[in-house]
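A short worksheet on the structure shown next.
First the proteins, then the strands, lettered A, B, ... as listed; each starts at 1. These numbers come from the heavy atoms of this one structure, side chains and all, not from hydrogens, waters or symmetry mates.
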Protein chains: 2
Amino acid sequence: MQSMLNKSRASAKRKDALSSTPMKKSDITRQRVLEVTSDLFRRNGYQATSMRDIAAALGMKSGSLYYYYDSKEALLAAILNDNIDATLAGLKQVVANLPADATARQKFEAAIAASVKTISQAGDMAVASAQTLSFLQEPEFSEQSEHRRAYNQFWRDIIIEGKEKGEIRKDLPDAVASMAIVGALTFVAEWYESDRSSTDNIGAIFSRLFFDGMHA
Amino acid sequence: MQSMLNKSRASAKRKDALSSTPMKKSDITRQRVLEVTSDLFRRNGYQATSMRDIAAALGMKSGSLYYYYDSKEALLAAILNDNIDATLAGLKQVVANLPADATARQKFEAAIAASVKTISQAGDMAVASAQTLSFLQEPEFSEQSEHRRAYNQFWRDIIIEGKEKGEIRKDLPDAVASMAIVGALTFVAEWYESDRSSTDNIGAIFSRLFFDGMHA
DNA sequence: GTCTATACTATGATAGAC
DNA sequence: GTCTATCATAGTATAGAC
């Protein structure tokens, strides 16, 4: 479920100056390539999906894919990065739509709820962990790190703001705490089953857990 | 860092009745295969490591590997499962070594500390997320699920015990909370850098975060 | 029971014609 | 932009040596 604000330029053949000419034909196709590939990866897995499979689903030949992306790995990186960016943009919007006098806790709860929903819906790979297995190699690895960093920073900023407002204890290291949150959220994609518990429930449980803790 | 109690039989060619004859030569070699492969995967990544690379590092030919493991994927699954098992065994031991009258919180703290240490040391793939990308296919997928389940259950049991002792709020859904914890722990492998913060620190921060929350 | 030699097939990728 | 070769290499199967 790619967001509508998904620009899909990440990891494209060349990093062009950000959208000077709006939409060439190749950009349209590149977008299609990404959508179809994302769908195949999600359904059949990265490994089980061959470049020929992707090309066939697009009605083209495997060689043509390389006009749009340098490699299969670049294709994966683009999908991952786009998902991160789209998720982050969605979160920012949700928080921005809150009343101006919203507490840090309210922002946190809204962001968690939106995050859980996005990640579980469509099994979004959002901040997916393609790292542990050294799945991505250079240069895709470094590029992905940038996108992750921005995503992590979002959570860190909420914590920092909460500290400033006196809602969050000042001795909590925001760098570590934000990683715990991101980790817990990322992992949702791996265990969530649509029938078990609603995403709203999970979001509420997470919010309460991180804010109030487990203690009785 | 494979634990010493690592049996390394997971995903072997056949599920033999658990260790009737203790150590045949092939078992020794199988163990070596796993260690060398684990090292290569960790250093160069799963994809960048070919079966021929593995065989060469072992001083054998690629075809010979198939005497021990059915596929490259089975090799990965065995490593992943072994790591989960070893991590879990270590955690259980740490908790078992606590005084009999230890509180649930103390158990939790000890387990978190041990977990962070294991996961960060040697970039252990412990409960690694090879799932998001549908990396593992059947039958390895189902097999891995079993090992994960056992690991998750460990955390869930601690929470349940805490509830019974009145240390943890009863309205906390243990299934979801344990997933949050496992997710946060798993994710440590992806951001931990040995120079930044000591594992002890991270463990303490995590324990406090999950028990007391972020609130001021 | 343990390993090698060898070959088969599919894959990711490239170069050049259209 | 897209296709048509074409290539090198990958994972894997197997027959048979020791």
Give the minimum heavy-atom separation between A:P173 and B:I205, together with the two atoms involved. CG-CD1, 3.4 Å
What is the minimum heavy-atom distance between A:A48 and A:D53, and which atoms define it? O-OD2, 3.6 Å
Just the atom pairs and distances: protein N or O near nucleotides 7-9 of chain D's N or O, under 3.5 Å.
none

Within the structure, does a side-chain N or O atom of A:Y67 lie under 4.0 Å from either OP1 or OP2 of D:dT2? no
Parallel, tilted or perpendicular: ring planes of B:F206 versus B:W191, cut at 30 and 60 degrees: tilted
Presence of B:K61 side-chain N/O under 4.0 Å of D:dG11 phosphate oxygens OP1/OP2: no
Of the listed C:dT14, D:dT2, D:dG11, the closest approach to the A:T29 side chain comes from D:dT2
Reckon B:S62 touches a base, only the sugar-phosphate, or nothing at all at heavy-atom distances under 4.0 Å? base
Specify the residue among A:T49 and A:S64 whose closest nucleotide of DNA chain C lies further upstream toward the 5′ end. A:T49
Out of D:dG1, C:dT4, D:dG11, whichever nucleotide has its closest atom nearest the side chain of B:M60: C:dT4
Name the orientation class of the two ring planes belonging to A:F210 and B:F210 (parallel below 30°, tilted from 30 to 60°, perpendicular beyond 60°). tilted
For the residue pair B:W155 and B:D174, establish whether any side-chain heavy-atom pair is separated by less than 4.5 Å. no
Smallest heavy-atom separation, A:L98 atom then A:Q106 atom, equals CD2-O, 3.8 Å
Looking only at heavy atoms, the pair that brings A:V116 and A:T199 closest together is CG1-O, 3.6 Å
Ion pair present between A:D27 and A:R30, side-chain N to carboxylate O less than 4.0 angstrom? yes
Regarding A:R149 and A:S145, do their side chains bring together a donor and an acceptor under 3.5 Å, going by distance alone? no
Would one find a side-chain N or O of A:S71 under 4.0 angstrom from OP1 or OP2 of C:dG12? no
Both atom distances under 3.5 Å, Watson-Crick or G-U wobble: I'd like the secondary structure of DNA chain D as a dot-bracket string, with | for pairs made across strands. ||||||||||||||||||
Could I get a table of every N or O pair under 3.5 Å where one atom is in the protein and the other is in nucleotides 15-18 of chain D?
none

Minimum side-chain heavy-atom gap B:S115-B:Y151 below 4.5 Å: yes
Under 4.5 Å between any side-chain heavy atoms of A:Y66 and A:M51, yes or no? yes
Does a nitrogen or oxygen in the side chain of B:S26 sit under 4.0 Å from OP1 or OP2 of C:dT2? yes
Rounded to whole Å, please give me the gap between CG in A:D70 and C1' in C:dA13. 11 Å
